[in-house]
**Student:** 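There's a structure below that I have some questions on.
We name chains A, B, ... by the order of the sequence lines, and we start the count at 1 in each one. Scope of the values below: all heavy atoms of this structure, side chains included, with no hydrogens, waters or symmetry mates.
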There are 2 protein chains.
Amino acid sequence: MTPFTPASISDSLRRLPLFSGIPPHELEPLLPGVREFKARAHEILFQKGDSLRGIHMLVSGRARLFMTTAQGTEKLLAMVKPGQAFGEAVVFLDRPCPVSAQATEDSTFLIVAKDVLLAMMDRNPVFARQMLASISMRLHELMSDMETCTLMNSLQRVVSYLSHQLPESGDPACEIRLDTSKQMLASRLNLAPETFSRALHHLAEGGVIEVSGRTIRVLDTQRLKTFQA
Amino acid sequence: MTPFTPASISDSLRRLPLFSGIPPHELEPLLPGVREFKARAHEILFQKGDSLRGIHMLVSGRARLFMTTAQGTEKLLAMVKPGQAFGEAVVFLDRPCPVSAQATEDSTFLIVAKDVLLAMMDRNPVFARQMLASISMRLHELMSDMETCTLMNSLQRVVSYLSHQLPESGDPACEIRLDTSKQMLASRLNLAPETFSRALHHLAEGGVIEVSGRTIRVLDTQRLKTFQA
DNA sequence: GGATTTTCTTGATTTCGGTCAAGGTTTTTA
DNA sequence: TAAAAACCTTGACCGAAATCAAGAAAATCC
């Protein structure tokens, strides 16, 4: 993880959704507290138990958040895409981080120090609301994951995941491109890779999807959503 | 759920942790947006899909937050105790509520309307931080639950739960009083009641605990935490 | 572009925890 | 305090998904 100080951190900042509602000149006081970092694919960004200096924001690349057991078992919590923030809750609570983070591709991200964030919130109520909305969203996503993991069986989880990936358009048929490996998706859904594979196979046999590598062709979105056994 | 307008809503407000850092005179502008409600035991407060007028705060009694499937299966997410807030994330996102809430005892609670809350946050940075910390805490708890539910087996989950209930004191032995029925705890840990019962039995056989009704006597906290098979 | 590693699939087997059923407790209610 | 209801425990059984194993496909690397 290499610190880096480019001329245009403020450019990157401005493009992040969390700061998009803020007029550029109000972002300036933030700058002394922002550092840019580069991480190579597979590099660990932080680990469970670490304390974080500030919130992390992915500028480019891809990262994953995951939990581990003492025995080494891993559970994927989220894939982080450019523009997304992570570690907000940790920073505001001043507690050891409950998850670990790893770059899955070569990535660039910003760390915005806690103190400048808090100062900004004090100064700018719009930003405070934005921050609150961002964490609230995280909470809702986690609830939804909890629902999937605890109330659904393996097939329903896969169906649920695919359904959430469908584009807004009401097209009866469409294509989904999985954005990570199937093993990672399996972990995200709390399934063994084998079980995930079998679920896809099952859906394909039922004639609702066609699988070829990471591309999944959904033949009938309606039937997918209501697919049973 | 009966609306109610007592003389001293501000008394109740002041005692809630979320508002404890706020000088009493600053709470005044909030009052027009606060309503007090009474609910009988078993009364549903709101259901998944509802939109909430404001954050809910339990003043007295007990409530539970839970998720349901179409088939009627329930999963307990949290028990709410007096002083705790719920529904914050829903309010700030303006989305349908992802969970349902029910009073488990006769209860009194306050609903603080969204608009006065936002106004208060704009006016008072300390409160904004408090709000953020509260939601962040919720997020951490949910992460911890996720960890229990996905990375641990049934026995480990029960051990984990009991360990978290231990008092701070380093006493090797102590007593835990379960604060809900065992079926509810089972649901909280995502276990069938039978499995929960068997896990307790197993621990008792192993000589680490003694169970009598809702009272659990932990004989050796150290052995409990590291209990295997 | 062939070799090597990683990822994915498929089948056979096992196991953990859920379900069903029945009996025992405790709590509630009248 | 007796009856009813709710709650808890225990045993027998079953099933969904994990694990194990091995081969196929895809991606990565010299």
**Student:** If we ignore angles and hydrogens, is there a donor and acceptor under 3.5 Å between the side chains of B:Arg177 and B:Thr215?
**Tutor:**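 There is such a pair (donor and acceptor under 3.5 Å, judged by atom type) between the side chains of B:Arg177 and B:Thr215.
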**Student:** Can you tell which of D:dA21, D:dA18, C:dG17 lies closest to the side chain of A:Glu194?
**Tutor:**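 Shortest atom-to-atom distance from the side chain points to D:dA21.
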**Student:** Among the candidates D:dT10, C:dG17, C:dG11, find the nucleotide nearest to the side-chain atoms of B:Ser154.
**Tutor:**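 Nearest to the side-chain atoms of B:Ser154, counting from C-beta on, is C:dG17.
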**Student:** Strictly below 4.0 Å, N to O, side chains only: are B:Lys48 and A:Glu147 in salt-bridge contact?
**Tutor:**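 Salt bridge present between B:Lys48 and A:Glu147.
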**Student:** Can you find a side-chain donor-acceptor pair between B:Thr108 and B:Ser60 that sits under 3.5 Å?
**Tutor:**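 The criterion, which ignores hydrogens and geometry beyond distance, is satisfied for B:Ser60 and B:Thr108.
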**Student:** Taking the basic N atoms (NZ, or NE/NH1/NH2) and the acidic carboxylate oxygens, is any pair closer than 4.0 Å for B:Arg62 and B:Asp179?
**Tutor:**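 Yes, this pair counts.
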**Student:** Between C1' on C:dT10 and NE2 on A:His201, what's the gap in Å once rounded to a whole number?
**Tutor:**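 About 8 Å, once rounded to whole Å.
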**Student:** Taking the ring of B:Phe46 and the ring of B:His56, is the distance between their centroids below 6.0 Å?
**Tutor:**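 Ring centres of B:Phe46 and B:His56 closer than 6.0 Å.
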**Student:** In whole angstrom, give the distance that lies between atom CD1 of B:Ile216 and atom C1' of D:dC8.
**Tutor:**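 These atoms are roughly 13 Å apart.
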**Student:** Can you see if the side chain of B:Ser197 gets near the phosphate of D:dT9 - specifically, an N or O under 4.0 Å from OP1 or OP2?
**Tutor:**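 Answer yes for this pair, as a side-chain N or O of B:Ser197 is under 4.0 Å from OP1 or OP2.
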**Student:** Nearest whole angstrom, please: distance from the P of C:dT7 to the CG of A:Leu200.
**Tutor:**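 Rounding to the nearest Å, CG of A:Leu200 and P of C:dT7 are 17 Å apart.
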**Student:** Measure the distance from CZ on A:Phe196 to P on C:dT10 and round it to the nearest whole Å.
**Tutor:**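 So the two atoms are 13 Å apart, to the nearest Å.
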**Student:** In whole angstrom, what separates A:Arg214's CZ from D:dA27's C1'?
**Tutor:**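 Rounded to whole Å, this separation is 10 Å.
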**Student:** Going by atom types alone, do B:Glu88 and B:Ser134 pair a side-chain donor with an acceptor below 3.5 Å?
**Tutor:**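 Yes.
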**Student:** If every non-hydrogen atom of B:Ile111 is compared with every non-hydrogen atom of B:Phe37, which pair is closest and at what distance?
**Tutor:**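 So the minimum-distance heavy-atom pair works out to CD1-CE1, 3.7 Å.
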**Student:** Short of 4.0 Å, heavy atom to strand atom, which residues of residues 176-192 of chain A count as contacting DNA chain D?
**Tutor:**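 The answer is A:Asn190, A:Leu191, A:Ala192.
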**Student:** Find the distance A:His202:NE2 to D:dA17:P and express it as a whole number of Å.
**Tutor:**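 Distance check: A:His202 NE2 to D:dA17 P gives 11 Å.
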**Student:** When you measure from the side chain of A:Arg157, which nucleotide among D:dA21, D:dA17, C:dG17 comes out closest?
**Tutor:**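 Of D:dA21, D:dA17, C:dG17, D:dA17 is nearest to the side chain of A:Arg157.
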**Student:** Expressed in angstrom and rounded to an integer, what is the separation of B:Asn153 atom CG from C:dG17 atom C1'?
**Tutor:**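 The answer, rounded to whole Å, is 10 Å.
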**Student:** Rounded to whole angstrom units, what separation is found between the NE2 atom of B:His42 and the C1' atom of D:dA6?
**Tutor:**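 To the nearest whole Å, that distance equals 10 Å.
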